[in-house]
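What follows is one structure encoded as C-alpha cells, with my remarks underneath.
Every value quoted in this text rests on a predicted model; they were computed, and no experiment measured them. In the text below, chain A, chain B and the rest are named by the order of the sequence lines, each starting its count at 1.
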Amino acid sequence: MKINQLSLFLENKPGHLRSACKALAGAGINILTLSLADTQQFGILRLIVKEWQKAKSVLEEAGGVVKVTEVVATEVADKPGGMAQVLEVIDQAGLNIEYMYAFTFRRNDKAVLVFRFDDADAAVSKLSAAGIKVIGSKELFEGK
Amino acid sequence: MFAFENRIWDRNETLSREDLESLQLARLRQTVERAANVPFYRNALARARVTPKDIRSLDDIRRLPMTVKDDMRNNYPLGLLATPMEDIARVHGSSGTTGKPTFVAYSKGDLDTWAGLCARFLTAGGLLPSHLVHICFGYGLFTGGFGLHYGVEKVGAAVVPASSGNTPRQIMLIRDLGAQVLVSTPSYALNIAEVARAQGLGPDDLPLKFAHFGGEPWTEDMRIRIEKELGLLAFNNYGLSEVIGPGVSGECAARNGMHVQEDHFIVECIDPDTLEPVKEGEGGELVFTSLTKEAMPVLRYRTRDIACLDRAPCPCGRTGVRMGRIVGRTDDMLIIRGVNVFPSQIEEALLRVEGAAPHYVIEIDRPGSLDQVTVRVEVLPESFSDKMSVMQILHDRIDREIQSITGIRVKVELAAPQTIERSVGKAKRVIDHRAAKPV
Amino acid sequence: MNQHQFHPVSAMDYLPVEQLRQVQFKRLKQIVQRAYDNVALFRKRMDESHISPDNIRALEDISLLPFTVKSDLRDTYPFGLFASSLRDVVRLHASSGTTGKPIVVAYTKDDVKVWTQVMVRSFASCGLHEGDIIQNAYGYGLFTGGLGAHYGAEELGATVIPISGGNTDRQIMVLKDFGVTAICCTPSYFLHLIERAGEMGIDLKTLPLRAGIFGAEPWTSEMRDRIQAATNIRAYDIYGLSEIIGPGVGIECFHQDGLHIFEDHFYPEIIDPQTLKPVPDGNEGELVFTTLSKHAMPMIRYRTRDIASIMNQPCPCGRTIRRISRISRRSDDMFIIRGVNVFPSQIEAALLAVEGTLPHYQIVLTSAKGLDQIEVQVEVTSEFFSDKIRGLETLQQRISHAVENTVGIRAAVRLVEPHTIQRSEGKAKRVIDNRRK
C-alpha cells in the first residue's frame, strides 16, 4: 500500500531542473506529481512516476543521485475539512510528518495527499485502522 | 590535614586581622584620594559630602557612594581612568548591558598586582612551578584567559594557551603533553569528561591532578562529579573585570569558601534593597572596593552577585574573609558557557535586523554538559517569504548579530507572527531550564 | 636619536656586519652542540652524514648540516625535538600539522624573552614606541600570532588592546573610540575591515591609526597600495612561523623594501628546493632557517617551503641585518586562509572521517568584502543522499564540523551534483584560488 517516490538532488541553479525533466521526457516517462524543496544552496526534487525503476536508471544515467523512498498516499474528499480530517488522525496516532504534498489530477471530487513518515508501515496500518483510505500504486496510476 | 601541602604565595595572605585592617585603612584612604582625580568619583564624593579626610576607620567606607555597571557604560570608553592614557598598559572589556561592551584599564603595576593575586589562589590550589597548565579559557578582551595565564607564569609553571573549543583536540593535547592542571569553566570540564568518556577514556587516562574553575556559578554536586570523572581536585575562584578580573578571591586546600584577597579589596555584603549590611553570615549582594588599583580604582562596586561571608578562622592560616559560592544575581544577567549575557543585548541584536520583530524568548538548557541557548524570534508578517532561501538569510543574519553583540553562538528559531506570548509589563523573556536540573 | 626608528633592544639591528657574523658563528656552534647533545634526531642525522659539532669551523659550514622538515616535528610528536627538560619549558604552542596530529613547539623563559625582544624590534622597525596604542587582532591561543605580538607590544611600553580576531564591527568601534595608533592582523582581514568601515560610514583616514603590522599570510604590493590609499597607515609585512619562533622572524622597515631578518637569532639561507644546494644571493629559492639562540627547541636548517630571495645590498635605514624579498609562493600545496595554514590533506582527512570513503571534492577560495572565504565542494553520493532536507543539512554540518576540528577554521560546505567537479589526469586540482583576482 506504499508508493515508491524518487528523490533527486539538484543544485539551486538555473537549468538544473529542466535537464532532469528533459531526461525523463526523452525516455517517455510521465510525471504524475512532484514537489520541489528548496534551500539556499540545493533543492530536492521528489517525483511520483509509474515506471519508477526505469525513471531511476534514466536519471542516474544522466548523472543524478537518486533515492527511492516509500511514501504513503491517502485519498480524501476534495472539499473544506478533507485534509484536516486526515491530519487529525495523524496527530492522534502520534505520527510525525517529515513532509507532504497533494494533487487532484484526474480524481474527480477526490484529492490525493502524499505523506513522508519515518515509519511508513506503521502509518499505513494506523491510517487504515482509522478509516482513512490509503491507496496503492495500481490504484494511483490506473485511476481505477 | 590537607590533600597536599598548604603553600602560601604571599605573606600578606596571613596577616593578622589587626595588621590587615590597618593596611586596609591606609590603602582605602589612598584609593579615595586617587579616585577623587576622576571627575565621576569627584562628583559622587561631593554629592555624598565625603572627602578623603573623612575616612578615619574602615566603617567609614559606608559613607562612600556606590558604583554600578551603568556608571561604566555612561563613562565609555575610559572615562573612569585615574591615570593618564600613556600609563595604561592593557585594556580589557566585558559585556555591557547593550551593544557596547564596558572597558577596564590596567597600569603596568596593576598587571603585576593581578598576576600576583592569581598566583596566590593557584598556589593555594596546589599549583607548583613544575606543573603544566592547560588553559581553556578564551583569551582576548575577556579577563579570564589572561588573568590565569599571567598568574601561572608568575608561579613559574608552564602554560598551554589552548583557548576554547574543539574538545577532542583539547583532550588529545592534555594527554599528549601531560598537563597536571586544568583551567576552564566548570561546565566545560564536564564536557571534557563527557567527550573523554565517549572516547573510552576514564580518569586514569588523563594526567590532570588539579583544576581551577571560574567564570560561572557551580555547585558542590558538580564538584563531586567533575572530581570523580576527571580524577582531580577542583578549586573555585572568583573575580570580575570591573574589579580586576579573576583573583578577587579563591579557595585554599580547606575548600570551605573563597578567601577574599582583602589586602587588595574590601568586601561588603549588603541587602540589595535597603543597601544596608546584612546580618553576619546571611546572604546578600557583594560590593567591592579596590585598594591598590592605579589605573581604574573602584569604590563600592555593586557586583549583583549574591553570596554570604564567613569570618571564622580557616585552618589554612589565610586570614582573608571567605565568601561562599555565588547563589544568585540581583539582575537579569545570564551566564552562558562562562560568558555574561544580558537579555537587553539580544533585544538590541534583533533591532539591528530588518524583518525580525522585537518579540523573542530566550530558552537555556544544558542537555549534556554545555549550555545551549535557543532564541525564538517572531518574523514580521511583511518579511515572510515563500522562498526558503530568503528565510534562511534572515535566520543567518539574526544569528550573526546575536553572536556579534553577545559573543556567544545561539540557536535561532524563527516563529510565526503573534505566536510569542505578550505580557503586560515585563515579558517573561528568559526560560532557564538549567536551574531546575540537578547537575 | 630618532625615536621613531630606535629602541634600545634594536641595537643588534645595526651591528657592524663583521661583528654580526662573529655573534652568529659563536651562537651557531653553541646551538649545533646543544642540538647534537640533546636531540636524538639531530644527533642521528649528523652521525649519518659524518658531521660532528667540531666540523663547524666557519659560518659557511652551516651547509654541512642536515635539513629539518615539517614532518620531522610530526614524527617526533610531542617532545622528540625538545632540547630542554619539560621543567624548563614555560610555554607550549601548537599548530595544525599536515594531518591529524598537531605540531607542538616549546619555549623556555629565555626563549619567550628572545621572542618578546624580536617583537619589540619589529614594532620599533615600524616606528612604534612607548605610548602607542596597539590593537592586537591576531587570534590568541595556541596560534603564536596573538601572544607573540602581545608580549612584544607590552614590553615596548605600548597600551595593548588584546581584542583577538573576529567581530569586525567591534574592532572598528575600538579603533575609533580608543584612538588606536597601530593594528596587528592579517592583511586580508584588514582589507575586510576597510570595507566594513566604509559601510559603517567611518573614514579610517580621520583616525590616528598610522601603522599596520600585517602577517601570517603572503600578500602583494597591490594589497599594500589599497590599504595605504584607504587609510593613513604604513602597512608593514611581518614574517614568522611557529617552528622557528612565531611572528618576529623578520619585518619590513620604513622603506618597505624587503623584510629584515633578525639574523642574530635566525640564520637565513636560500636553497634550490630540488638540488638542496644554496642559490646565489638575489636568486629565488626556498627559505631555510637555523635558530641561533633557542633553548627548548632548536631548529637546524628548517625548510620553510616559502619561496623568497636574499637581498644583500645595504638598506637605507641603516640596519645591517639582511633582508629577504617578500614571500612569493610556496614549494608545497599548503595554502593560507585568514592566517591559518591549511593543507589539502587535512581536508581529505576530515572528509574521510565523516564519509568513510573519500568523495570527489574541491576547495574553492574566494574573497567577499575583503574577507577570505573557504568553500569545500563535495559531490553528493547515493550513499549519503537523503530525500529529507534536514538529512542533507546534517551532512553539511558534520563535514563542516570535521573540517573545523581538523583545520581550526570554519569552512562553508556546498553539496554539488555528481560529476560536476572537474577530473583531471594524474593529480587532481584540489584547490581553486579565486582570491584577489
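- Proximity to chain B (any heavy atom under 4.5 Å) is shown, for C:Asn405, by both the backbone and the side chain.
- Contact of C:Glu130 with chain B is not made at all, since no heavy-atom distance falls under 4.5 Å.
- Neither the backbone nor the side chain of C:Ala106 comes within contact range of chain B, judged by heavy atoms closer than 4.5 Å.
- Counting heavy atoms from C-beta on, the side chains of C:Val413 and C:Glu375 never come closer than 4.5 Å.
- Contact count versus chain B (heavy atoms, under 4.5 Å) is highest, among C:Leu142, C:Ile389, C:Thr168, for C:Leu142.
- For B:Ile135, no part sits under 4.5 Å from any heavy atom of chain C, backbone or side chain.
- Put simply, of B:Gly407, B:Pro84, B:Ala162, the one with the most heavy-atom pairs under 4.5 Å next to chain C is B:Ala162.
- Comparing C:Glu404, C:Met173, C:His401, C:His150 by heavy-atom pairs within less than 4.5 Å of chain B, the highest count is held by C:His150.
- The residue among C:Val89, C:Asp177, C:Ile161 with the most heavy atom pairs within less than 4.5 Å of chain B is C:Asp177.
- Relative ring orientation between B:His149 and B:Phe146 is described as perpendicular, the plane-to-plane angle rising above 60° on a 0-90° scale split at 30° and 60°.
- Chain B forms the most heavy-atom pairs under 4.5 Å with one residue out of C:Pro78, C:Gly131, C:Ser164, and that residue is C:Pro78.
- Relative orientation of the C:Tyr140 and B:Tyr139 rings is parallel, given thresholds of 30° and 60° on the angle between their planes.
- Of the two parts of C:Arg170, only the side chain, counted from C-beta on, holds a non-hydrogen atom closer than 4.5 Å to a non-hydrogen atom of chain B.
- Ring pair C:Trp115/C:His93 is perpendicular by interplanar angle, where above 60° counts as perpendicular and below 30° as parallel.
- The contact between B:Leu177 and chain C is made by backbone and side chain atoms together, counting heavy-atom distances below 4.5 Å.
- Taking OG1 of B:Thr102 as the reference point, atom CG of B:Asp71 lies at 11.5 Å (rounded to 0.5 Å).
- Using modelled atom types, one finds no donor on one side chain facing an acceptor on the other under 3.5 Å when comparing C:Asp88 with C:Thr108.
- When heavy atoms are compared at a cutoff of 4.5 Å, B:Tyr76 approaches chain C solely by way of its side chain, counted from C-beta outward.
- For C:Tyr138, no part sits under 4.5 Å from any heavy atom of chain B, backbone or side chain.
- For the pair C:Lys113 and C:Tyr107, the cation-pi test (distance below 6.0 Å, angle within 45°) is failed.
- Of the two parts of C:Val112, neither the backbone nor the side chain holds a non-hydrogen atom closer than 4.5 Å to a non-hydrogen atom of chain B.
- Remark: B:Arg90 is positioned above the aromatic ring of B:Tyr150, its terminal NZ or CZ atom under 6.0 angstrom from the ring centre and at most 45 degrees off the axis.
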